[in-house]
Amino acid sequence: DVKVTQSSRYLVKRTGEKVFLECVQDMDHENMFWYRQDPGLGLRLIYFSYDVKMKEKGDIPEGYSVSREKKERFSLILESASTNQTSMYLCASASPGTGVGEQYFGPGTRLTVT
Amino acid sequence: RKEVEQDPGPFNVPEGATVAFNCTYSNSASQSFFWYRQDCRKEPKLLMSVYSSGNEDGRFTAQLNRASQYISLLIRDSKLSDSATYLCVVRGNTGFQKLVFGTGTRLLVSP
């Protein structure tokens, strides 16, 4: 059974803290994604990676960075957390080409920044 | 204008009913289309792809109308377990061809 795991289900951080969200997939997928989901706005793509050490900005990359040192692991970093980054963060992976349409999501991390 | 638009609902239907959702997209060059399902407090999961010729999977039927730029999802004989949010998803035609998600249509099936 395919699996995407995220390091935390719930996280509470203070404004200005550096926050690391980790995602691991066991499907040997080349592509990995970080989204945030907010009421009324849907899922919005923050960053994606199509190979180890490769990364591309999505629609809302400001305030975030990513790291992909190993194929199975994709990390999202909030350099200095702010209250407007309170959200549900979802990681996903997919195989390349036409497989990009079938993304497998992790359970999500609900981050609250106070 | 949003790239993908959906009626947020909720659609309240009794068990056994037939219900249909529509979704419109703005990029006429979009290549691929999907419906994802998201249960409350859970992650989205692919429900089905939408092909030009339409496709059916059990009680679920998806249709694509390129001329009018909308896709639809029909659910027949609704079950309580169909209660969820249904996300319309469109894949672009440029660059990496990332997915664009609609905000979802909520379905509530009652006994």
Side-chain angles (χ1 to χ4, degrees), chain A residues 1-6 8-10 21 23-25 27 29-51 54-61 66 87-110, chain B residues 1-10 21 23-27 29-52 55 57 60 62 64 71 73 84-106:
Chain A
D1 199 15
V2 298
K3 204 162 186 183
V4 179
T5 56
Q6 294 184 228
S8 306
R9 291 300 301 272
Y10 300 94
L21 302 182
C23 174
V24 178
Q25 52 99 359
M27 294 163 283
H29 284 161
E30 282 80 1
N31 300 311
M32 296 188 75
F33 310 84
W34 275 106
Y35 296 89
R36 63 178 283 179
Q37 186 173 28
D38 300 287
L41 297 176
L43 274 84
R44 292 180 291 166
L45 183 63
I46 304 171
Y47 266 96
F48 64 94
S49 169
Y50 52 88
D51 203 351
M54 306 302 290
K55 58 186 179 184
E56 293 286 343
K57 292 180 180 179
D59 299 315
I60 51 166
V66 290
S87 186
M88 171 66 83
Y89 289 87
L90 290 157
C91 173
S93 72
S95 55
T98 55
V100 171
E102 184 172 6
Q103 296 190 8
Y104 294 87
F105 285 85
T109 296
R110 186 164 292 281
Chain B
R1 184 185 172 189
K2 288 183 179 178
E3 285 190 68
V4 179
E5 294 207 63
Q6 297 182 252
D7 181 341
F21 313 132
C23 157
T24 58
Y25 61 94
S26 60
N27 183 354
S30 297
Q31 294 291 314
S32 311
F33 309 88
F34 310 89
W35 284 102
Y36 276 68
R37 170 194 168 128
Q38 186 171 24
D39 293 312
C40 188
R41 301 187 187 279
K42 296 280 192 178
E43 71 273 21
K45 292 183 180 179
L46 179 66
L47 178 66
M48 59 197 308
S49 302
V50 187
Y51 305 120
S52 296
N55 54 310
D57 183 3
F60 298 82
L64 168 64
I71 67 174
L73 178 68
T85 297
Y86 291 85
L87 307 177
C88 173
V89 183
V90 175
R91 185 177 179 185
N93 68 320
T94 57
F96 183 75
Q97 301 181 2
K98 64 182 176 69
L99 298 185
V100 180
F101 287 78
T103 53
T105 296
R106 192 167 173 217

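Because the structure is predicted, anything quoted here is derived from the model rather than measured. Values reported hereafter were calculated over all heavy atoms of this structure, with side chains retained and with hydrogens, waters and symmetry mates removed. In what follows, chains are A, B, ... by sequence order, proteins preceding strands, each numbered from 1.
The aromatic rings of A:Phe105 and B:Tyr36 stand perpendicular to each other, their planes meeting at an angle above 60°, with 30° marking the opposite boundary. By the 30° and 60° cut-offs, the orientation of the rings of A:Phe48 relative to A:Tyr50 is tilted.
Both the backbone and the side chain of A:Leu43 come within less than 4.5 Å of a heavy atom of chain B. There is no contact between A:Glu56 and chain B, counting heavy-atom distances below 4.5 Å. Using a 4.5 Å cut-off between heavy atoms, B:Gln38 contacts chain A through its side chain alone, with no backbone atom that close. Heavy atoms closer than 4.5 Å to chain A are found in both the backbone and the side chain of B:Pro44.
Only one option out of B:Phe101, B:Tyr51, B:Tyr25 pairs with B:Phe33 in a ring pair (Phe, Tyr, Trp, His ring centres under 6.0 Å); it is B:Tyr25.
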### Message
For a side chain to side chain donor-acceptor pair (under 3.5 Å) check, start with the C-alpha distance between A:Asp38 and A:Ser87, then their side-chain angles and the critical distance, and finish with the verdict.
### Response
CA-CA 6 Å; A:Asp38 300 287; A:Ser87 186; 2.7 Å; yes
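Within the model, atoms OG1 of A:Thr109 and CD of A:Gln6 stand 4.5 Å from one another, a figure rounded to the nearest 0.5 Å.
Among A:Pro107, A:Gly108, A:Ala94, A:Gly101, the residue making the largest number of heavy-atom pairs under 4.5 Å with chain B is A:Gly101.
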